[in-house]
Amino acid sequence: MPTFDHITNASNVELAEMLQSIIAMRDTSGRCYFQNPQEAIEIVQECARRLRINSIETFNHEAFE
């Protein structure tokens, strides 16, 4: 199984652009297709992995004053 380091190392913005490019791939009949299905799977899996990560909450110093 190939590894796609460019997907894992992409910023969130770059990953979002990759995800949008998957959606944009359509043939003349309007059906979606993938030039590289394995890469599409890797992009979606990386997006899902990142969405599961809890964001870091900023410390609310005003609550302790």
Classify the side-chain pair Glu39/His6 by whether it contains a donor and acceptor separated by less than 3.5 Å.
-> yes

Which distance, rounded to the nearest 0.5 Å, do you find between the OG1 of Thr8 and the CZ of Arg49?
-> 7.0 Å

Between Ile43 and Glu46, is any pair of side-chain heavy atoms under 4.5 Å apart?
-> no

Do side-chain atoms of Ser21 reach the backbone of Met18 as a donor and acceptor pair under 3.5 angstrom?
-> yes

Does one hydrophobic cluster hold both Ile41 and Ile22, with members joined at side-chain heavy-atom distances below 4.5 Å?
-> no

